[in-house]
> 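Structure in structure tokens, see below.
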2 protein chains.
Amino acid sequence: MTNKDTNTEEKIKEAARKLFLQKGYANTKTRDIAAEAGINLALLNYYFRSKEKLFALIMKEHMMSFLSGLQHILNQELDFDKQIQLFADSYIDMLLVNPDLPIFILSELRNHPDKFLEETQLRERVHEVRFFKELIARTDSKVHPLHFFINLISITVFPFVGRPLIQGISGISDQQFTQMMQERKELIPKWIELILSNS
Amino acid sequence: MTNKDTNTEEKIKEAARKLFLQKGYANTKTRDIAAEAGINLALLNYYFRSKEKLFALIMKEHMMSFLSGLQHILNQELDFDKQIQLFADSYIDMLLVNPDLPIFILSELRNHPDKFLEETQLRERVHEVRFFKELIARTDSKVHPLHFFINLISITVFPFVGRPLIQGISGISDQQFTQMMQERKELIPKWIELILSNS
DNA sequence: CAATTTTTTAATCATTTGTTTAAATCAAAT
DNA sequence: ATTTGATTTAAACAAATGATTAAAAAATTG
């Protein structure tokens with residue numbers, strides 16, 4: 001505490017987190033970060049060598065927390081149905097706190113398709129998750145189990161990615177949007193279970 | 001034809017379409033566009049005044065075609081179920097041809113939240129669409145009809161936005177991805193109708 | 001306290017990038 | 001064919017941007 005918030009290195013990281021998340025890599029200038037952190041521009045390079053290295057650090061941090069969250073939820077020893085409920089509930093909570101996270105990750109992933117996937121060992125770590133084994137076991141149909149996972153992620157995450165469009169079309173307020181996302185915590189598990197049980 | 005493809009103005013637009021779509025506004029340099037179009041750099045400003053004006057043009061074009069597509073499909077005089085089928089089918093076809101379109105639009109919309117929504121009269125034009133009136137009429141439940149529209153868009157569009165993650169996690173090939181999207185043309189209507197009829 | 005190391009600062013550099021200019025070339029009209 | 005206007009070109013400009021430097025200030029060590 002004492003050191004962590006006043007510490008120059010941490011101040012730069014904090015500013016970088018905020019701005020990169022908000023505006024992406026290309027739209028964030030080193031001078032913006034320095035100003036936001038309230039430090040001299042040269043200190044950015046002193047502590048992190050380059051803008052790119054600083055970004056890689058922040059990006060990895062985000063990918064890891066995204067992954068750890070997923071891993072933690074989907075590895076719990078729970079009923080399959082309970083697990084879906086837990087996922088929707090805690091993931092939407094997380095997204096309401098970090099609404100910019102998905103579009104940030106997906107935008108940057110577009111520019112460096114492999115870079116970040118490799119260094120987080122995404123595939124390896126997700127593959128041994130309980131939920132997936134359960135999901136595969138559950139589907140006796142000819143429909144690929146991945147479809148159901150895609151559906152779950154889609155209806156949970158997409159509203160946050162497509163938010164400007166959704167609000168632009170429907171005209172709902174920020175408050176109404178949040179309200180609807182709260183409702184989805186309970187609706188998503190029902191929908192997914194419905195889809196799963198009829199396949 | 002004769003003029004349209006060799007025409008300098010059109011060559012620049014074509015190059016701009018390709019590069020903006022692929023890399024976004026900030027990551028596309030005017031020199032890249034000039035090189036791609038095979039023309040002198042100054043011609044970009046000669047014909048379009050500025051990079052920003054050129055971009056606004058391309059962006060509006062994309063928003064319009066996105067909107068017209070939606071409008072055309074959702075205004076057809078068809079059964080509600082048929083309409084959902086038509087939507088999934090033709091929208092996935094479109095997305096397979098333009099897989100970068102959603103992430104492009106959503107990324108840029110993040111930087112200029114209102115700018116493009118206003119000038120396309122998105123809300124006004126979508127609001128008078130047959131499909132929505134039908135959707136609202138259909139839902140007697142206490143669940144907001146917008147939820148179902150969000151679901152339809154989510155499971156249709158999100159796979160293309162989240163493609164790097166989906167392929168990174170599952171390890172499926174490009175070909176397998178395309179195959180799955182083809183399958184979803186028939187699956188999505190079933191899922192959506194299932195959800196609708198149980199609400 | 002003096003010496004040494006670490007941190008911070010202001011100034012500057014080198015490159016990139018969007019845009020402009022002035023001259024050259026091309027096309028159309030009289 | 002000459003004139004006039006439109007198009008194209010090479011060169012340059014100005015601002016933005018990531019990075020470096022050398023000196024000053026602060027902190028640490030002996």
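Numbers restart at 1 for each chain; the letters A, B, ... are given by sequence-line order, proteins then strands.
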> Can you check the A/Arg31 CZ to D/dG18 P distance for me, whole Å?
7 Å
> Salt-bridge test for A/Lys11 and A/Glu14: reply yes if a basic N is under 4.0 Å from a carboxylate O, no otherwise.
no
> What is the distance, to the nearest angstrom, from the CG atom on B/Leu44 to the C1' atom on C/dG18?
9 Å
> Can you tell whether the side chains of B/Glu36 and B/Lys18 come within less than 4.0 Å, N to carboxylate O?
yes
> What is the distance, to the nearest angstrom, from the CG atom on B/Asp32 to the C1' atom on C/dG18?
12 Å
> Cation-pi between B/Lys53 and B/Tyr47: NZ/CZ under 6.0 Å from ring centre and within 45° of the ring axis?
no
> Over how many whole Å does the gap from B/Ile39 atom CD1 to D/dA10 atom P extend?
12 Å
> For DNA chain C, which residues of residues 45-63 of chain A approach it to below 4.0 angstrom with any heavy atom?
A/Tyr46, A/Tyr47
> Around atom CD of A/Glu186, are there more than 12 heavy atoms from other residues, nucleotides or ligands closer than 6.0 Å?
no
> So which one's nearest nucleotide on DNA chain C is more toward 5', B/Ala42 or A/Asn40?
A/Asn40
> Taking the six-membered ring of A/Phe20 as reference, does the cationic atom of A/Lys51 (NZ for Lys, CZ for Arg) lie under 6.0 Å from its centre and within 45° of its axis?
no
> Between A/Lys11 (NZ) and C/dT8 (P), how many Å, whole number?
8 Å
> Any side-chain N or O of A/Thr30 under 4.0 Å from OP1/OP2 of D/dA19?
no
> To the nearest Å, give me how far apart CG (B/Leu41) and C1' (C/dG18) are.
8 Å
> Taking the six-membered ring for Trp, is the centroid-to-centroid distance between A/Phe177 and A/Phe160 below 6.0 Å?
yes
> So, OP1 or OP2 of C/dT8: does either fall under 4.0 Å of a side-chain N or O from A/Thr8?
yes
> Look at A/Arg110 together with B/Asp100 and state whether they make a salt bridge at an N to O cut-off of under 4.0 Å.
no
> Please report, rounded to the nearest Å, how far the C1' atom of D/dA24 is from the CG atom of A/Leu43.
13 Å
> Which whole-number value in Å describes the distance from A/Lys29 NZ to D/dT17 P?
5 Å
